[in-house]
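Notes follow the structure.
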Amino acid sequence: QVQLVESGGGLVQAGGSLRLSCVVSGSIFKINGMGWYRRAPGNQRELVATITSDSITNYADSVKGRFTISRDNAKNTVYLQMNDLKPEDTAVYYCNAVVLTRHATTGLNYWGQGTQVTVSS
């Protein structure tokens with residue numbers, strides 16, 4: 001069984017910073033891509049940032065220049081550094097990872113439970 005647990009969310013004023021972490025645990029053989037998604041009230045879940053196993057990154061236009069995604073493969077952890085936060089960033093942030101378990105033939109998508117980020121104006 002694979003689990004993803006996010007942490008680091010909270011309440012912050014506009015212009016502030018937060019650093020989200022997501023630890024993957026369980027029957028892990030290999031983690032391929034990882035990413036962060038978010039869902040604001042009344043909106044669909046949207047992609048925030050992704051990172052490949054080779055640390056190639058991709059960002060939503062709305063967060064480019066403000067957010068940075070990174071990963072520590074030795075710790076099975078992905079991070080999202082969020083700077084210059086805006087009220088529009090308020091959402092539940094979800095961690096995602098494509099994980100190949102020991103006896104699986106293909107990797108599967110796994111999701112964390114989400115962590116709330118609230119940015120006040």
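Since the structure is predicted, the reported quantities are computational estimates derived from the model, not experimental observations.
Rounded to the nearest 0.5 Å, atoms CD (Glu46) and CD (Gln44) are 10.0 Å apart. Within the model, atoms NE2 of His103 and OG of Ser27 stand 10.0 Å from one another, a figure rounded to the nearest 0.5 Å. Annotation: the span from Ser120 atom OG to Gln13 atom CD amounts to 5.0 Å, rounded to 0.5 Å. Atom CE in Met82 sits 11.0 Å away from atom OG1 in Thr68 (nearest 0.5 Å).
A cation-pi geometry, defined here as NZ or CZ lying under 6.0 Å from the six-membered ring centre and within 45° of its normal, holds between Arg45 and Tyr94.
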Full working for ring pair (Phe, Tyr, Trp, His ring centres under 6.0 Å) between Tyr37 and Trp111: CA-CA 10 Å; Tyr37 295 72; Trp111 293 89; 4.9 Å; yes
Worked verdict on Cys95 versus Val78 for side chain to side chain contact (heavy atoms under 4.5 Å, CB included): CA-CA 8 Å; Cys95 176; Val78 62; 3.6 Å; yes
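Remark: the backbone N or O of Phe29 is not paired with any side-chain donor or acceptor of Arg102 at under 3.5 angstrom.
Inter-residue side-chain proximity for Asn58 and Ile69 is flagged as unmet; no heavy-atom pair is nearer than 4.5 Å. Leu80 is not listed as a side-chain neighbour of Arg19, based on a closest heavy-atom distance of 4.5 Å or more. Side chains of Asp72 and Tyr79 form a contact here, defined as non-hydrogen atoms less than 4.5 Å apart. For the pair Val2/Thr101, a side-chain contact is recorded, criterion being any heavy-atom separation below 4.5 Å from C-beta on. A 4.5 Å side-chain heavy-atom check between Val92 and Thr115 finds every atom pair outside the cut-off. Considering only heavy atoms from C-beta on, Lys30 comes within 4.5 Å of Asn32 through its side chain.
Salt bridge Asp89/Lys86: absent, no basic N to carboxylate O contact under 4.0 Å.
Looking at every heavy atom in both residues, Thr90 comes nearest to Ala40 through O-CB, 3.6 Å.
No more than 12 heavy-atom neighbours from other residues, nucleotides or ligands sit within 6.0 angstrom of CD on Gln3.
Under the 3.5 Å distance criterion, with hydrogens and angles disregarded, a donor-acceptor pair is assigned to the side chains of Tyr93 and Arg38. A side-chain donor-acceptor contact under 3.5 Å links Asn83 and Ser17. Looking at Gln116 and Thr118, their side chains do bring a donor and an acceptor atom within 3.5 Å of each other.
A side-chain contact (heavy atoms from CB on, under 4.5 Å) with Ile31 is found for one member of Thr77, Asn76, Leu100 and no other, namely Asn76.
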